Amino acid sequence: MRDCCEPNPKARSRVLWRTLWIVSGVIALVVASTRLKAQEPALYLEGGFGHKQGDFGTPTLSKLDLAYGTLGYASPTFDVNVTVPILRLEAQGGGQDVSNMGLGDILIRGVHRFVRETPSGFAFDGGLAVKLPTANSDKGLGTGRADIGGFVSMHQRWDRIQATLLGGWIQSASASDTASQYARTGIYTAGIGLSYYADRAKYSIAYEARGALYQGTPAPREISLGMLKMLNPKLALRGSFIAGLNDGTPKTSFGLGLVYWP
């Protein structure tokens with residue numbers, strides 16, 4: 001018998017996708033975010049696409065395709081950016097056969113390096129992320145509410161190897177649908193990562209754990225691979241792959257993007 005505090009499978013699958021944009025792959029983002037080139041404060045542009053899919057332990061297979069554009073401004077001590085996504089969500093099986101497309105929730109992020117890398121290789125960052133309710137919640141593309149997340153991360157570098165330890169909290173209003181009574185208003189996120197710096201590239205691997213979004217559902221666990229490679233002094237290629245380790249997260253996610261400094 002299903003737990004009395006667990007939303008029905010249809011609602012759980014639908015609502016987990018709505019909250020995915022801000023909570024998925026936080027540690028992967030932080031580990032892969034460091035710029036490879038030293039620079040004065042400068043504008044940058046990023047564009048790319050991604051795909052996520054999984055069934056969250058339900059009979060419904062959900063697929064999320066996204067294209068995004070990012071406008072950012074970065075220096076050796078801070079990075080602020082705004083990302084606008086276009087989403088296409090499909091759900092099939094378990095009595096569902098739906099497909100919706102539209103603007104996703106806009107994400108504003110900022111990271112500040114409180115301790116720049118010392119001679120011993122130590123650095124300390126803090127960051128905030130705000131998700132604005134710009135998506136159509138009736139189509140399942142957003143929650144219809146604003147969310148905010150904060151995190152801190154410590155880095156220790158030894159020549160070409162860097163270790164990252166991250167912890168944070170994501171505060172979210174209850175989802176505005178039939179599963180809202182099961183939603184938690186906040187969840188933790190924590191992770192650890194390792195990066196390797198090549199001459200013109202950075203490669204990373206990370207593990208992330210987050211609190212369960214809904215009572216009676218698994219707490220997400222993910223492992224990720226990331227890459228940032230300079231193609232020339234003004235252009236870089238970014239790639240990522242995330243594997244979900246349980247039913248609280250998509251089974252597979254990947255993304256590819258280009259970063260350009262005008």
Side-chain angles (χ1 to χ4, degrees), residues 9 12-34 46 48-68 70 83 85 87-94 104 107 109 129 131 140 149 151 153 155 161-168 170 187-198 201-214 216-229 236-259:
R12 186 177 75 180
S13 177
R14 183 174 66 250
V15 177
L16 283 171
W17 279 114
R18 293 181 181 183
T19 53
L20 194 61
W21 183 235
I22 193 172
V23 303
S24 181
V26 176
I27 180 67
L29 175 68
V30 173
V31 170
S33 65
T34 304
E46 181 174 349
F49 65 90
H51 176 81
K52 304 172 186 287
Q53 70 176 47
D55 58 19
F56 300 102
T58 74
T60 302
L61 176 62
S62 297
K63 299 179 182 180
L64 180 70
D65 296 309
L66 64 96
Y68 69 92
T70 297
T83 297
L87 308 179
R88 183 173 185 269
L89 176 62
E90 293 183 346
Q92 294 181 325
L107 188 62
R109 292 174 291 205
K131 181 176 71 65
F151 64 86
S153 56
H155 312 273
I161 303 294
Q162 183 182 64
T164 295
L165 183 65
L166 176 143
I170 299 166
I187 60 170
Y188 71 86
T189 181
I192 187 169
L194 283 174
S195 299
Y196 174 77
Y197 287 83
K202 180 183 179 183
Y203 305 96
S204 60
I205 183 170
Y207 171 81
E208 183 180 355
R210 298 190 299 275
L213 285 167
Y214 296 91
T217 63
R221 300 291 184 264
E222 296 176 340
I223 190 166
S224 61
L225 301 174
M227 176 271 294
L228 182 66
K229 180 176 177 57
L237 177 68
R238 187 197 302 278
S240 65
F241 175 81
I242 302 176
L245 303 180
N246 62 16
D247 290 334
T249 185
K251 292 298 183 184
T252 57
S253 307
F254 67 84
L256 195 64
L258 286 173
V259 186

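Predicted model only: the values in this text are computed from it and were never measured.
For the atom pair CD (Q162) and CG (L194), the distance works out to 9.5 Å, reported to the nearest 0.5 Å. Between I223 atom CD1 and F241 atom CZ the span is 10.0 Å, to the nearest 0.5 Å. We find the CG-CD distance between L61 and Q53 to be 5.5 Å, quoted to the nearest 0.5 Å. We find the NZ-OH distance between K202 and Y197 to be 3.5 Å, quoted to the nearest 0.5 Å. From S253, atom OG reaches atom CD of E222 across 6.5 Å, with rounding to the nearest 0.5 Å. The OG atom of S153 lies 9.0 Å from the CG atom of L165; values are rounded to the nearest 0.5 Å.
Considering only heavy atoms from C-beta on, K63 comes within 4.5 Å of H51 through its side chain. A heavy-atom distance below 4.5 Å is not found between the side chains of E90 and D65. Side-chain contact between R210 and P220 is present, with heavy atoms from C-beta onward closer than 4.5 Å. Between I170 and F151, every side-chain heavy-atom pair lies at or beyond the 4.5 Å cut-off.
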Note to self: One pair to check against side-chain contact (heavy atoms from CB on, under 4.5 Å): E46 and R238. What are the steps and the verdict?
What the structure shows: CA-CA 9 Å; E46 181 174 349; R238 187 197 302 278; 3.1 Å; yes

Notebook entry, point to check: Given the rule in the side-chain hydrogen bond (donor to acceptor under 3.5 Å, both in side chains) test, do T189 and E208 qualify, once you have shown the distances and angles that lead to the verdict?
Noted result: CA-CA 7 Å; T189 181; E208 183 180 355; 2.7 Å; yes

Item checked: side-chain contact (heavy atoms from CB on, under 4.5 Å) assessment of L87 paired with L64 -> CA-CA 7 Å; L87 308 179; L64 180 70; 4.1 Å; yes

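The backbone N or O of D55 sits nowhere less than 3.5 Å from a side-chain atom of D247 that would complete a donor-acceptor pair.
Taking the six-membered ring for Trp and thresholds of 30 and 60 degrees, F49 and F254 have ring planes more than 60 degrees apart, a perpendicular arrangement.
Of all heavy-atom pairs between I242 and S224, the closest is CG1-CB, 3.7 Å. Here the closest heavy-atom approach between residue A129 and residue L107 is recorded as CB-CD1, 4.3 Å. In plain terms, the two heavy atoms of G244 and T249 that are nearest each other are CA-CG2, 3.3 Å. Taking every heavy atom of both residues into account, A209 and Y188 meet most closely at O-CE1, 3.8 Å. Closest non-hydrogen pair, Y68 versus L256, comes out as OH-O, 4.3 Å. In plain terms, the two heavy atoms of L228 and A236 that are nearest each other are CD1-CB, 4.1 Å.
R221 is linked by a salt bridge (charged side-chain N to carboxylate O under 4.0 Å, His left out) to nothing, counting only residues two or more places apart in sequence or in another chain.
Counted by atom type alone, T70 and T83 present one or more donor-acceptor pairs between their side chains at under 3.5 Å.
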